[in-house]
Protein chains: 4
Amino acid sequence: MAKGLLKNTVHWIPIKRNKVDVTELKPRKVPATFLLSLRATLIIGQAFSLIPVIGVFKKNSDISTTCITMIMFLQVARKWPDLARYTFKIEDLDPNYDTNLTYKCNGTCAVVLTLALLEHILSLLSAFAGAMVCYPDSSLYEGFVRHFYPWVFNYLPYSPVLGFVTQFLHFQSTFIWNFSDLFVICMSYYLTSRLEHVNMKLLAAQGKYLPEVFWRTTREEYGRAAQLVRKVDDVISGIVFISFANNLFFICLQLFNTLEHGIKDTSECNSRAEGSKTILGGYEAAIYFLFSLIYLIARSVAVSLIASQVNSASNTPAPVLYDVPSPVYCVEVQRFLDQVNGDKVALSGLQFFSVTRGLLLTVAGTIVTYELVMFQFNSTQDSATNTTQAPS
Amino acid sequence: MAKGLLKNTVHWIPIKRNKVDVTELKPRKVPATFLLSLRATLIIGQAFSLIPVIGVFKKNSDISTTCITMIMFLQVARKWPDLARYTFKIEDLDPNYDTNLTYKCNGTCAVVLTLALLEHILSLLSAFAGAMVCYPDSSLYEGFVRHFYPWVFNYLPYSPVLGFVTQFLHFQSTFIWNFSDLFVICMSYYLTSRLEHVNMKLLAAQGKYLPEVFWRTTREEYGRAAQLVRKVDDVISGIVFISFANNLFFICLQLFNTLEHGIKDTSECNSRAEGSKTILGGYEAAIYFLFSLIYLIARSVAVSLIASQVNSASNTPAPVLYDVPSPVYCVEVQRFLDQVNGDKVALSGLQFFSVTRGLLLTVAGTIVTYELVMFQFNSTQDSATNTTQAPS
Amino acid sequence: MAKGLLKNTVHWIPIKRNKVDVTELKPRKVPATFLLSLRATLIIGQAFSLIPVIGVFKKNSDISTTCITMIMFLQVARKWPDLARYTFKIEDLDPNYDTNLTYKCNGTCAVVLTLALLEHILSLLSAFAGAMVCYPDSSLYEGFVRHFYPWVFNYLPYSPVLGFVTQFLHFQSTFIWNFSDLFVICMSYYLTSRLEHVNMKLLAAQGKYLPEVFWRTTREEYGRAAQLVRKVDDVISGIVFISFANNLFFICLQLFNTLEHGIKDTSECNSRAEGSKTILGGYEAAIYFLFSLIYLIARSVAVSLIASQVNSASNTPAPVLYDVPSPVYCVEVQRFLDQVNGDKVALSGLQFFSVTRGLLLTVAGTIVTYELVMFQFNSTQDSATNTTQAPS
Amino acid sequence: MAKGLLKNTVHWIPIKRNKVDVTELKPRKVPATFLLSLRATLIIGQAFSLIPVIGVFKKNSDISTTCITMIMFLQVARKWPDLARYTFKIEDLDPNYDTNLTYKCNGTCAVVLTLALLEHILSLLSAFAGAMVCYPDSSLYEGFVRHFYPWVFNYLPYSPVLGFVTQFLHFQSTFIWNFSDLFVICMSYYLTSRLEHVNMKLLAAQGKYLPEVFWRTTREEYGRAAQLVRKVDDVISGIVFISFANNLFFICLQLFNTLEHGIKDTSECNSRAEGSKTILGGYEAAIYFLFSLIYLIARSVAVSLIASQVNSASNTPAPVLYDVPSPVYCVEVQRFLDQVNGDKVALSGLQFFSVTRGLLLTVAGTIVTYELVMFQFNSTQDSATNTTQAPS
């Protein structure tokens with residue numbers, strides 16, 4: 001393995017690269033590198049024992065020494081070194097000076113994690129309030145875990161240790177879920193910024209009389225960016241799939257619960273809770289459900305839109321290439337156009353679906369249909385329940 | 001016909017056109033400019049404080065001085081000057097002599113707004129008739145606003161001022177809704193006319209032995225038209241999205257209400273209304289519902305079909321280009337064909353969907369499905385209601 | 001109009017065509033012309049006052065003298081002369097010796113019309129049997145028309161004349177419905193045969209070293225066939241649309257009725273019919289329903305499959321063109337391939353949908369979904385009816 | 001790696017290959033031929049009287065003498081000799097040394113047939129257990145066949161011979177069903193391996209400066225593989241269609257039954273079975289249903305994924321072709337790219353649908369929708385049943 005790695009390493013070192021120190025020549029403008037942009041994201045993942053990537057803190061990113069250990073993102077971890085190496089090579093050829101990239105990644109991290117924390121706190125609050133009503137005889141913590149994790153404590157006897165473990169796993173899974181969305185967003189930012197770099201060059205050249213060499217270098221840069229999207233997709237398409245499937249399922253479920261909740265109160269404990277005096281006056285559950293639903297939908301829409309920007313950015317060159325003036329039209333422009341029109345550059349969910357803007361509409365339609373059917377199913381059940389109870 | 005061909009032929013010959021003042025040579029034929037065609041539409045918008053575009057009345061359209069202030073169409077307003085400037089540039093290069101365009105825009109305005117007014121009057125009439133029955137003790141106006149806007153006056157105390165404000169907002173929102181459809185229709189007319197101008201030249205040239213310069217100029221004109229569609233879409237795709245979403249939602253809702261209405265009478269007031277003597281003999285609500293539904297469906301279908309003509313018109317050149325005789329086939333024809341086949345020229349709804357003829361079928365299928373499910377849901381609810389009441 | 005027609009006629013006369021009498025040179029092999037193939041179809045239409053095309057019986061088909069008068073197929077009739085003229089031109093350039101074509105058209109006519117007649121007779125039989133049970137006091141004919149056309153005689157008083165008129169209109173509409181399917185089938189046969197003629201030439205040339213002129217003439221022939229499909233589609237796409245919409249609607253309806261019928265008997269008359277002695281022992285309605293449903297589905301599937309063969313046949317050239325040996329590869333092959341891959345050659349339903357093999361699957365899925373929902377809706381209704389009746 | 005490259009390089013050099021007997025030069029490495037790979041599959045089919053292909057055991061596969069007699073796979077059998085001959089020709093041109101292929105085919109055979117046998121045994125066990133409860137008075141075998149095949153013995157009187165025949169036909173149909181999936185899998189393995197052979201050569205050549213002759217020979221090999229996929233699809237698309245339709249239908253049915261079963265027990269016999277002492281303690285039916293469902297879903301997903309790999313493998317060349325360096329770009333590369341982008345290489349179900357990765361998602365969505373609707377329909381029925389029974 002080490003030998004293979006070494007051989008691979010040799011392959012991608014561009015000869016004569018080390019003769020000139022690039023960073024000394026352009027000391028004032030630091031390129032927005034792959035690892036730099038994702039640094040905050042990865043550190044957060046590392047902090048929660050998800051992605052302890054050694055080398056994240058080093059700007060020179062000597063990745064052959066990179067060591068990755070993961071539990072959850074195992075598939076990503078296995079392919080990560082190759083991807084990082086490939087990215088490093090691409091960045092060496094086409095340095096990217098999009099200074100916003102790092103800010104965008106970090107800002108998104110901050111917003112997503114803050115909201116996730118807020119949601120988690122609200123869920124705890126809601127559970128404590130519920131526990132105070134439903135388990136008035138137990139200790140507060142026992143009542144809380146019994147109320148919150150009935151699928152555990154209906155089968156296992158209560159003990160504080162089991163409570164803590166359950167709670168930790170719950171927290172961990174909430175975090176992983178949010179982190180996978182965050183990860184997809186940051187990767188999409190990075191890929192979009194690479195494609196936008198090509199687009200900027202092209203839009204500046206629209207209608208100009210530029211030599212063949214310009215079109216060749218731009219085409220090659222576009223080709224490298226497209227190849228990078230493909231390599232990244234190979235690595236993260238599993239996470240994209242899980243992220244979309246999770247979001248679709250939980251939106252369906254929570255939307256259904258929330259709509260049901262508005263019509264009639266199904267929880268037996270809550271009906272007894274009328275008149276109770278809790279922190280938010282008995283509205284903990286309602287506030288939590290509403291906040292959770294809005295946050296979930298907003299995050300899902302954001303992931304979809306940001307991930308689909310990779311695809312949108314890849315279609316920008318076509319109009320510029322149609323407008324190339326006839327005298328400078330050459331085989332390079334034709335090849336560029338063939339690639340832009342023939343190649344579908346997009347993140348995908350295990351290659352089952354491509355993440356494009358149209359996907360969001362399809363998913364929304366699916367959710368509406370399922371909601372209607374589920375809602376109706378529920379009302380049929382109620383009808384059955386009502387009618388059997390009615391004569392008694 | 002021969003004369004028409006000659007005239008068309010003159011069009012595409014790129015003899016340094018700007019040396020001679022074109023408008024002086026052809027003083028009797030005013031080109032159908034962008035602003036001229038949309039003038040009536042924009043004036044109407046302006047009259048309702050929607051799109052006060054200074055410069056609409058000036059034929060020379062010195063747009064750098066254009067000042068746009070809008071409330072509702074804010075997004076459009078922000079990008080409007082750029083679009084107008086770009087359109088002005090395009091029109092300078094390819095003057096468009098489609099004299100029908102202005103008539104079509106104005107005629108459509110007249111028809112849509114007349115029908116919208118008629119619908120609004122019918123809705124008021126229906127509400128007054130309902131108010132006379134349901135609120136026999138209140139004054140006519142109070143009964144009317146209470147009956148018509150229950151979602152306002154169930155929560156706020158009645159006052160004539162609030163009534164007028166509510167009614168004005170209702171009128172305004174009805175108008176905006178109709179206006180957004182109208183706006184999409186007129187923009188589509190304009191874009192289609194530009195593409196049809198190219199198509200006319202091409203169809204006249206089908207199978208003829210024309211020099212490369214003809215194909216180059218025609219390709220460039222097509223390219224400019226396609227680019228114009230893209231720019232317009234950037235500006236109005238939000239309005240297209242809202243227009244389609246609105247129409248889809250209200251067709252589903254009104255169709256559901258109308259179908260329900262035919263089976264059983266759900267309004268408690270109306271059941272008491274039997275034997276009452278109103279202007280239309282108690283059929284105000286029924287007439288209004290039917291007229292409103294038919295108008296809504298007709299308008300939605302019209303918007304879809306007219307907007308999809310942009311896409312249809314962009315596909316016309318392909319067959320002509322396949323038929324170019326072998327001796328005059330050149331790289332220009334190939335580039336033209338590559339663009340026609342590779343480029344999707346169409347208006348879109350925030351780029352979530354393209355407005356093509358196929359879209360109408362998809363939307364119709366969606367409506368039928370939702371109607372079936374909603375209708376069934378309702379019948380389930382009734383079944384539950386009936387059964388619980390039956391034994392009593 | 002006459003002048004325009006004359007001018008158009010002049011256009012398509014290929015110069016030097018009339019110098020040599022083509023039919024004298026190839027006297028023994030009569031080309032399968034457009035009108036010859038469709039002769040039987042059109043005569044039948046004519047016989048039922050649908051498409052009285054003068055000139056159908058003349059083999060030389062001097063169409064400028066063609067006079068078309070139609071009631072139902074008005075849109076087709078209006079565009080028919082242009083289409084026939086264009087077809088004549090194409091057939092003059094590429095004579096088609098597919099002798100099966102005429103047999104296939106005539107055979108399909110015979111089969112479809114025989115089955116349609118059989119279905120009509122069964123429907124009458126079923127109605128008479130029903131009438132004998134439900135209207136024992138009326139005369140047989142009065143009972144029959146009252147039973148069969150309740151939507152007429154519930155509103156209008158019975159008179160034998162009205163009965164005959166209603167029955168004639170019913171027969172006429174049944175015929176038109178069958179005829180429109182038949183018409184689409186025969187047109188598809190004709191278009192497919194033209195494309196297959198090109199395909200035969202190409203498949204014989206697969207992998208051979210043929211000169212550029214072969215590829216050019218074959219490409220031009222393919223282009224003419226594709227253009228012909230487009231022209232025919234312009235004329236008959238309305239009929240295709242109506243035919244598919246009709247079939248979809250009636251399959252949904254009859255399938256629903258038949259499935260319902262198997263579960264419980266909904267007609268009140270039939271329930272009284274037990275023990276009655278009719279020709280088929282009371283099973284007239286069941287046999288009619290079953291036969292009608294099977295015939296309807298079979299005919300719909302046949303129309304879909306045969307019409308989609310036009311599209312399938314247009315895709316056959318591609319593999320041959322990929323296999324052209326490198327030494328003889330030329331710009332003609334490339335243009336041919338560009339057309340085959342870029343051009344969607346297919347019949348369409350008013351250009352809302354293309355008739356391809358995939359369409360059949362989509363329609364089948366739609367039918368299954370609608371059946372499930374409608375069936376469920378009905379059972380909900382029954383549930384409501386049962387429950388309200390149960391306590392009494 | 002270098003050695004592998006060298007060997008691969010040798011492959012595509014078209015030195016007049018037929019002068020030297022290739023098999024004598026490489027006697028130790030037997031090419032993975034079509035028949036060799038499918039040998040185990042076909043022998044198994046033969047053993048069950050399905051595909052007695054004479055010549056399967058002969059490695060030299062002198063197919064002109066091949067004689068095929070089949071009962072079930074009749075359509076395949078008719079076209080099989082042509083396909084085998086074509087495959088033999090292709091294999092002669094492009095020998096395939098993928099030694100894994102035979103192992104994969106045989107391994108899959110072993111796994112599928114073992115699981116199918118296990119499922120069959122479980123179904124018998126479950127039926128015997130049910131028979132012991134439901135038919136305590138009959139002999140065990142009579143009870144078993146009466147319980148298991150009620151649709152036979154409710155209409156025909158019981159006799160042991162009829163029981164054996166029914167059981168044999170049941171076994172046979174189970175086998176055929178499994179075999180058709182197995183057949184599709186093995187054919188897909190073979191086709192994928194041919195395309196992967198081209199892909200390996202291309203990936204090794206990515207970014208290298210190779211002469212036009214390399215691109216030509218590789219393009220021709222890809223073209224032959226694509227043509228082979230088309231020929232195989234012509235032969236087996238009926239089996240693919242039946243396999244997918246079967247799997248879709250039975251997943252819907254069994255999923256519905258299993259979900260229903262978990263909620264309430266619908267079989268009258270089973271309700272009496274409480275407290276009974278059978279081999280698996282009364283859980284035979286539950287275990288059988290669960291195992292059967294999981295096996296069915298797993299097999300269906302496997303067929304879909306493996307068959308869609310043919311399509312995935314056909315898209316791999318595109319990125320390599322985009323990366324061909326400008327100096328060596330030639331018309332061969334362009335033709336190759338045109339084919340890869342224009343040609344849809346995939347297995348299909350009677351050409352109604354192409355087997356791609358996206359198909360699996362569509363099918364999954366269809367199943368979820370149908371399950372929801374069917375589940376709801378059932379609950380409506382229960383509601384109706386409950387309510388009518390409730391007052392009594």
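Numbered from 1 within each chain, the chains take letters A, B, ... in sequence-line order. When reading the values below, keep in mind they use all heavy atoms of this one structure, side chains included, and skip hydrogens, waters and symmetry mates.
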B:Leu321 versus chain C, heavy atoms under 4.5 Å apart: side chain, backbone, both or neither? backbone
To the nearest 0.5 Å, what is the distance between CG (B:Asp338) and CG (C:Asp338)? 6.5 Å
Please classify the contact of C:Gln339 with chain B as side chain, backbone, both or neither, using a heavy-atom distance under 4.5 Å. both
Report yes or no: does C:Arg335 contribute a side-chain atom to a donor-acceptor pair with the main-chain N or O of B:Val324 at less than 3.5 Å? yes
Exam field: side chain C:Arg219 to backbone B:Tyr322, donor-acceptor pair closer than 3.5 Å: yes
The reported gap from CG in C:Leu372 to CG in B:Leu372 (rounded to nearest 0.5 angstrom) is 11.5 Å
Would you sort out whether C:Phe352 and B:Thr356 count as a side-chain contact (heavy atoms from CB on, under 4.5 Å), showing the intermediate values? CA-CA 9 Å; C:Phe352 286 124; B:Thr356 61; over 6 Å; no
Does any backbone or side-chain atom of B:Ser312 lie under 4.5 Å from a heavy atom of chain C? Answer side chain, backbone, both or neither. neither
For atom NZ of C:Lys344, is the number of surrounding heavy atoms from other residues, nucleotides or ligands below 6.0 Å larger than 12? no
Got a donor-acceptor contact below 3.5 angstrom from the C:Arg230 side chain to the B:Pro319 backbone? no
How long is the span from the CD atom in C:Gln351 to the CG atom in B:Leu361, to the nearest 0.5 Å? 13.0 Å
Given the rule in the side-chain contact (heavy atoms from CB on, under 4.5 Å) test, do C:Glu220 and B:Asp323 qualify, once you have shown the distances and angles that lead to the verdict? CA-CA 8 Å; C:Glu220 283 169 1; B:Asp323 279 4; over 6 Å; no
Nearest 0.5 Å please: distance from the CD atom of C:Gln334 over to the OH atom of B:Tyr329. 5.5 Å
